[in-house]
Every structure is written in structure tokens, then in C-alpha cells.
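For reference, the structure is listed below as C-alpha cells.
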Amino acid sequence: MKESQVNSRSGFAMLAVLLVLQLLSVSAVVFLMGLLKALALVLAIVVFVCWFGFYMVQPNQAAVLQLFGRYVGSDHQTGLRWANPFYSKQRVSLRVRNFESGKLKVNDHAGNPVEIAAVVVWKVVDSAEAVFEVEDYENFVSIQSEAALRFLASSYPYEAAEEHELSLRSNGQEIVELLKQEIQARLEKAGVEVLEARISHLAYAPEIASAMLQRQQARAVVMARQQLVEGAVGMVELALARLSEKGVVELDEERKAAMVSNLLVVLCGDHQVQPVVNAGSLY
């Protein structure tokens, strides 16, 4: 059910009109006689009932009006308003709100248990759908947001096995955009617009956190060693080329091998190297 605008009147104008009519009808009941008095009494009762047609609409708020269960329309005009006194008025906030999920424990795409939580910023854009399409739109937002977060966490791995693969940890911007789209698709029927969705917590579950930390540390050590070896090989190549270019010393293949070995030990070793002075021949 789509929202429609109701035809309401300014409350201040109706306040003046009803006040005048109320005074006139009461005066007529007091001073008139017979049939005119009865008509004045009916008018006084009608005017009294009309006083129940006033209602307030605050900024960023909508009043959903119904007549005996039938949707009449929504009023977005702020201030004191007046409509049919038999209309029921239900106020719906159109302000921006945020919701933070609890820490959900989910198995990622690789089967590893992870903890994940998100913050969702949302607002109602269709008051009729928010009231009539779902039972409790605030609870609906909460449950559907968590369901979307679970679905997203189970669709991607925590860490990517390959460079081009999306992961929860490495591709933050793409993941939050997918999360926003997933939540919006679920909340469309409730007249809710998702303004922003952000992951507020992401970590391995405690039972595997230490093992995964060791794996990350081992991977970091391997990558560091790889870069160190590549740099050391380049330095050795440069040293041999410069020695040959300058003609400092003539090295045969065996001496080159010994020099390469010594330089790699110096450049790639974990500890400071202690030099050994050879006073004799290499042979």
C-alpha cells in the first residue's frame, strides 16, 4: 500500500471557527426555546465532537489517518492540524535512526567461525507501508538487518585465498556496499530506506583466533623473507657486476660461489654476523 497525502486543515483556523460556533451554540441553547433550542443543542454536540479532530505533526513526522480501519492518507504538514474527528491518527517518525546488531557468530564461506556486527542507518520513507505492510517495522528492521548480515558473512571468506577474491577483511568498501544493498532489498516492503551500513566488528571466533593469528604471523614472516631474499639477490648481483666492472679483483666460479654464499648469509641472517679474517689462501 503506497502512501497518499490526506486533505487536512490548519488547526489554528479551525480552532477559531469551532470556538465561535461553540459559543454561539451554547448561547442558543440557553436563550432560545422549542425547536430552535433542540437544533442549537444538536449543533453544540456536533461542535463538541469536532474538537477531537485536532492533532499535532512534528517536523520529520507523519500522521497516518484511518477511518474505521480504512486508510485515508498520511499528513506530513507540520504544526497543529485538523481533520475528521472520526479519523484515527497514528504518528510515524521519519527521522534518521541507527541500529547496531549484536556480535553474530557465523561461519564464513570457508567454514571458519567468525564474529561480525554492523551499524545500519535508516529512516522511514513511506509511512503507509511501514504501518500496514509489516507488524512492527522497527523490529522488522532489526531482524532483517541481522539476517542480511549473516547471509553476507557466510557468502565471503574472512581472508581471501587469491588476490582477486573478495574477502570480509580486505575489501571493506565493497563488502559494506553489498551489505547495504542486501539490507535494502529486505526492507523495501516496509517503506524503509537504508542510508548507510557499516561493519563495526569483525574477528575470528575465540576458539580459532589464536591459531589464525599464528597463521597470519607465519604468512607475514614468509612474505618478509621473500622480499628480503629478493633484495639480497639483487645486492649480490650488483656487487659482482661492480667488482667486475671496476676490475678490483678477478674471481673464478668457485670464489664467486663463496662470495655469494657469504653475502647471502650476511644479508639474510636473523642475527648480526661475526666476521672471520682468513690470513691464508682460499685453498
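Please read these numbers as outputs of a predicted model, since none were measured by experiment.
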Any donor-acceptor N/O pair, Ser170 side chain to Ser167 backbone, under 3.5 Å: no
Would you say Val72 ends up clustered with Met14 if hydrophobic residues are merged whenever their side chains have heavy atoms under 4.5 Å apart, either directly or through other cluster members? no
Determine, step by step, whether Glu196 and Lys180 satisfy the salt bridge (Lys or Arg N to Asp or Glu O under 4.0 Å) criterion, reporting the C-alpha distance in whole Å, the side-chain angles of both residues, the deciding distance to 0.1 Å, and the verdict. CA-CA 6 Å; Glu196 185 181 6; Lys180 177 183 175 181; over 6 Å; no
Test of understanding: clusters of I, L, V, M, F, W, Y form through side-chain heavy atoms closer than 4.5 Å, transitively. Do Leu94 and Phe132 belong to the same one? yes
Do NZ/NE/NH1/NH2 and the carboxylate oxygens of Arg150 and Glu146 come within less than 4.0 Å? no
Grouping I, L, V, M, F, W and Y whenever their side-chain heavy atoms are under 4.5 Å apart, do Val131 and Leu65 come out in a common cluster? no
Any side-chain heavy atom of Val121 within less than 4.5 Å of one from Val194? no
Below 30° counts as parallel, above 60° as perpendicular, anything between as tilted: where do the rings of Phe68 and Phe86 land? tilted
Minimal non-hydrogen separation, Ser127 against Val92, with atom names: CB-CB, 4.3 Å
Tyr204 vs Glu159, test: side chain to side chain contact (heavy atoms under 4.5 Å, CB included). Steps then yes/no. CA-CA 10 Å; Tyr204 280 114; Glu159 289 184 291; 3.2 Å; yes
Looking at Glu129, is its backbone amide N or carbonyl O close enough to the side chain of Asp126 to form a donor-acceptor pair, meaning the two atoms are under 3.5 Å apart? yes
Would you name the heavy atoms of Ser74 and Val64 that are closest together and state the gap between them? OG-CG2, 3.9 Å
Test item: Lys105 side-chain N/O and Lys103 main-chain N/O as donor-acceptor pair under 3.5 Å: no
Do Asp108 side-chain atoms and Asn112 backbone N/O form a donor-acceptor pair below 3.5 Å? yes
Over all heavy atoms of both residues, which pair between Ser93 and Tyr137 is shortest? Give the atoms and the distance, please. N-OH, 4.2 Å
Could you tell me whether Lys189 atom NZ has more than 12 heavy atoms of other residues or ligands within 6.0 Å of it? no
Give me the atom names and distance for the closest heavy-atom approach of Leu168 to Leu152. CD2-O, 4.3 Å
Check against side chain to side chain contact (heavy atoms under 4.5 Å, CB included), Leu15 and Trp82: CA-CA 9 Å; Leu15 182 63; Trp82 185 90; over 6 Å; no
Quick one about Glu165 and His109 (side-chain donor to acceptor, distance below 3.5 Å, no hydrogens or angles considered), yes or no? no
One pair to check against side chain to side chain contact (heavy atoms under 4.5 Å, CB included): Val120 and Asn98. What are the steps and the verdict? CA-CA 5 Å; Val120 180; Asn98 61 67; over 6 Å; no
Are Tyr158 and Val106 connected in a single hydrophobic cluster, I mean Ile/Leu/Val/Met/Phe/Trp/Tyr linked by side-chain heavy atoms less than 4.5 Å apart? yes
Donor-acceptor list for residues 42-60 side chains, cut-off 3.5 Å, not counting sequence neighbours:
residue: Trp51; atom: NE1; partner: Gln22; partner atom: OE1; Å: 2.8
residue: Tyr55; atom: OH; partner: Asp75; partner atom: OD2; Å: 2.7
residue: Gln58; atom: OE1; partner: Arg95; partner atom: NH2; Å: 3.3

Which atoms form the tightest heavy-atom contact between Leu32 and Leu36, and what is the distance? CD1-CB, 3.9 Å
Under the criterion side chain to side chain donor-acceptor pair (under 3.5 Å), I'd like the reasoning laid out for Glu3 against His76: C-alpha separation, chi angles, the key distance, then a yes or no. CA-CA 11 Å; Glu3 180 182 87; His76 292 262; 2.9 Å; yes
I would like to know whether Thr78 and Gln61 meet side chain to side chain contact (heavy atoms under 4.5 Å, CB included); could you show each step before the answer? CA-CA 8 Å; Thr78 59; Gln61 189 181 64; over 6 Å; no
Would you say Glu188 and Gln184 are linked by a side-chain donor-acceptor pair, where the criterion is simply a distance under 3.5 Å? yes
Do Gln181 and Ile183 have side-chain heavy atoms sitting under 4.5 Å apart? no
Verify same cluster id: Phe12, Leu18 (apolar side-chain graph, 4.5 Å): yes
Does some side-chain heavy atom of Val192 sit less than 4.5 Å from a side-chain heavy atom of Lys123? no
More than 12 heavy atoms from other groups under 6.0 Å of CZ on Arg9: no
Closest approach of Arg81 to Ser10 (non-hydrogen atoms, all atoms of both residues): NH1-CA, 3.6 Å
Determine whether Lys89 and Tyr87 make a side-chain contact, defined as any pair of heavy atoms from C-beta on separated by less than 4.5 Å. yes
